[in-house]
2 protein chains.
Amino acid sequence: MPNCKSPPFEITLKVRDSCLCLHLQRAARAVARQFDEALRPLDLTNGQFSLLMSLNRSEPPSIGSVSALLAMDRTTLTANLKPLERRGLVQTAIDPADRRSRRLTLTAAGSALLAAAVPVWEETHAATEHLLSGADPERLRTDLRALSGPRAVALCP
Amino acid sequence: MPNCKSPPFEITLKVRDSCLCLHLQRAARAVARQFDEALRPLDLTNGQFSLLMSLNRSEPPSIGSVSALLAMDRTTLTANLKPLERRGLVQTAIDPADRRSRRLTLTAAGSALLAAAVPVWEETHAATEHLLSGADPERLRTDLRALSGPRAVALCP
DNA sequence: ATTTATTGGGTTGATATCCACGTATTTACG
DNA sequence: CGTAAATACGTGGATATCAACCCAATAAAT
């Protein structure tokens, strides 16, 4: 008699149909693939695009503030910066006012590449919102922000 | 005069506030962390939990069907199976009816661990839905399914 | 029946993600 | 002041994710 201690199949159906974590992972993977594919001619991923975009401001932000903005682990951001630094798209410099902090800035090449990616983003984002059919994208964004924790901090300069 | 070719700052604000890809990645990361933390005593990640749960059925599914269900790349699933196989939670066997296909089954240890994880999932999922405050979780799930592509295929046995 | 196309998976290489641990700097406190 | 707590990052290790390329087995075409 197999599966003496197995969870009942009804639980499996419940998780499949209702788990927000699973639903989020699926949607995040699917949408990320769309953006990755669209950005591939520029040799950028969706995460690299979002990261570069978050650095497009006059006051160079620190590692911690960007990682909070993107709701990612601080060490993940450190890792993600390496290929961008290697390609000369981003530069880091120690903050003279607080020598623990590193300030992140786009290079000219980084800014140019980011500018070239904007039309791709516009197009892909429109296609993504189109997938929602009649649903309200802003309402979805509100829900996603609520799940992202109190990290929707200010990016303003 | 720096940033001659930089995207205008208004674009940055627009992406930050409206990009569904970014919003999804943020929420997915944040929620995944919650589940990972809750499941850590069982030495499971949210992805491992979802994968094990998707194998809790009488007819052992193939790699391709599970990867479609989870909306992940086929090769990602192959990689994710390795630590679970190493721990003796999952077994794979060539399908005699089609020798290209590998059928995935939970072991007794896998079923037992999954059963132990169900209460953790219940608790964590309730906390996640609570983050939505007044919003309708089912409406959010509907939106997420629309973004996950036509992969919400049947898991039924 | 042979050839061809399709399908199901695996492997490798690169990036992504997070945790546990450690280091350096700054701030707070006594 | 000088020490303790807090802050800002980095490294190493493990898993996660996907593209590109390859192989084996089945299905389709002539």
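Chain letters run A, B, ... following the sequence lines, proteins first and then strands; every chain starts at 1. All values below were derived from every heavy atom in this structure, side-chain atoms included, with hydrogens, water molecules and symmetry-related copies excluded.
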Exercise for the section: State whether the distance check finds a donor on one side and an acceptor on the other, under 3.5 Å, for side chain Thr75(A) versus base dC19(C). Expected result: yes
Exercise for the section: Taking Ser54(A) for its side chain and Leu51(A) for its backbone only, find out whether a donor-acceptor pair lies under 3.5 Å. Expected result: yes
Practice task
Look only at the side chain of Thr107(A) and the backbone of Gly88(A), and say whether a donor-acceptor pair between them is shorter than 3.5 Å.
Solution key: yes
Quick one: which protein N/O atoms are closer than 3.5 Å to N/O atoms of nucleotides 6-8 of chain D? Pair and distance per line, please.
| from | atom 1 | to | atom 2 | distance (Å) |
| --- | --- | --- | --- | --- |
| dT7(D) | O2 | Arg100(A) | NH1 | 2.8 |

Completion exercise
Side-chain atoms of Arg40(A) come closest, of dA20(D), dT17(C), dA16(D), to dA20(D)
Exercise for the section: Would you tell me if any nitrogen or oxygen in the side chain of Thr45(B) comes within less than 4.0 Å of OP1 or OP2 on dA16(D)? Expected result: yes
Problem - Between dT17(C) (P) and Arg26(B) (CZ): distance, integer Å - result: 13 Å
Practice task
Please figure out whether Arg99(A) or Pro83(A) has its closest DNA chain C nucleotide nearer the 5' end.
Solution key: Pro83(A)
Problem - d(CZ, Arg29(B); C1', dT17(D)) in whole Å - result: 13 Å
Exercise for the section: Keeping the roles fixed (side chain from His125(A), backbone from Ser18(B)), state whether a donor-acceptor pair exists under 3.5 Å. Expected result: yes
Practice task
Would you confirm whether Arg26(B), through its side chain, and Met72(A), through its main-chain N or O, come within 3.5 Å as a donor-acceptor pair?
Solution key: no
Problem - Euclidean distance, atom CG of residue Leu51(B) to atom P of dA16(D) [Å, nearest integer] - result: 9 Å
Completion exercise
Between CD of Gln25(A) and C1' of dC18(C) the distance, given in whole Å, is 13 Å
Exercise for the section: May I ask you to evaluate whether Lys82(B) reaches the phosphate of dG9(C), defined as a side-chain N or O under 4.0 Å from OP1 or OP2? Expected result: no
Exercise for the section: In sequence, state the C-alpha distance, the side-chain angles, and the governing distance for Met53(A) and Leu114(A), and then conclude on side chain to side chain contact (heavy atoms under 4.5 Å, CB included). Expected result: CA-CA 7 Å; Met53(A) 190 61 84; Leu114(A) 183 59; 3.8 Å; yes
Practice task
For Ile94(A) and dT23(C), give me the distance from atom CD1 to atom C1', rounded to whole Å.
Solution key: 13 Å
Exercise for the section: Verify the contact: side-chain N or O of Asn80(B) to OP1 or OP2 of dT17(D), cut-off strictly under 4.0 Å; return yes or no. Expected result: yes
Practice task
Would you please test Thr92(B) and Glu85(B) for side chain to side chain contact (heavy atoms under 4.5 Å, CB included) and show each step?
Solution key: CA-CA 8 Å; Thr92(B) 72; Glu85(B) 283 189 78; 3.7 Å; yes
Problem - Spacing between Arg33(A) atom CZ and dA16(D) atom P, to the nearest angstrom - result: 16 Å
Completion exercise
Hits for salt bridge (Lys or Arg N to Asp or Glu O under 4.0 Å) against Arg74(A), two or more places apart or cross-chain, chain-then-number order -> none
Practice task
Look at Gln48(B) and dA16(D) and indicate whether a side-chain polar atom (N or O) is within less than 4.0 Å of OP1 or OP2.
Solution key: yes
Practice task
Please report, rounded to the nearest Å, how far the P atom of dT17(D) is from the CG atom of Asn46(A).
Solution key: 13 Å
Problem - Protein-nucleotide distance (Asp73(A), atom CG; dA14(D), atom C1'), rounded to Å - result: 14 Å
Exercise for the section: Could you say whether Pro96(A) or Glu37(B) is positioned toward the 5' end of DNA chain C, judged by the nucleotide with the nearest heavy atom to each? Expected result: Glu37(B)
Practice task
Ignoring hydrogens and angles, state whether a donor on the side chain of Thr45(A) or Asp36(A) is under 3.5 Å from an acceptor on the partner side chain.
Solution key: no
Problem - Short side-chain N/O contact from Thr78(B) to OP1 or OP2 of dG9(C), under 4.0 Å - result: no
Exercise for the section: Look at all strands and tell whether Arg86(A) reaches a base, only sugar-phosphate, or nothing, counting heavy atoms closer than 4.0 Å. Expected result: sugar-phosphate
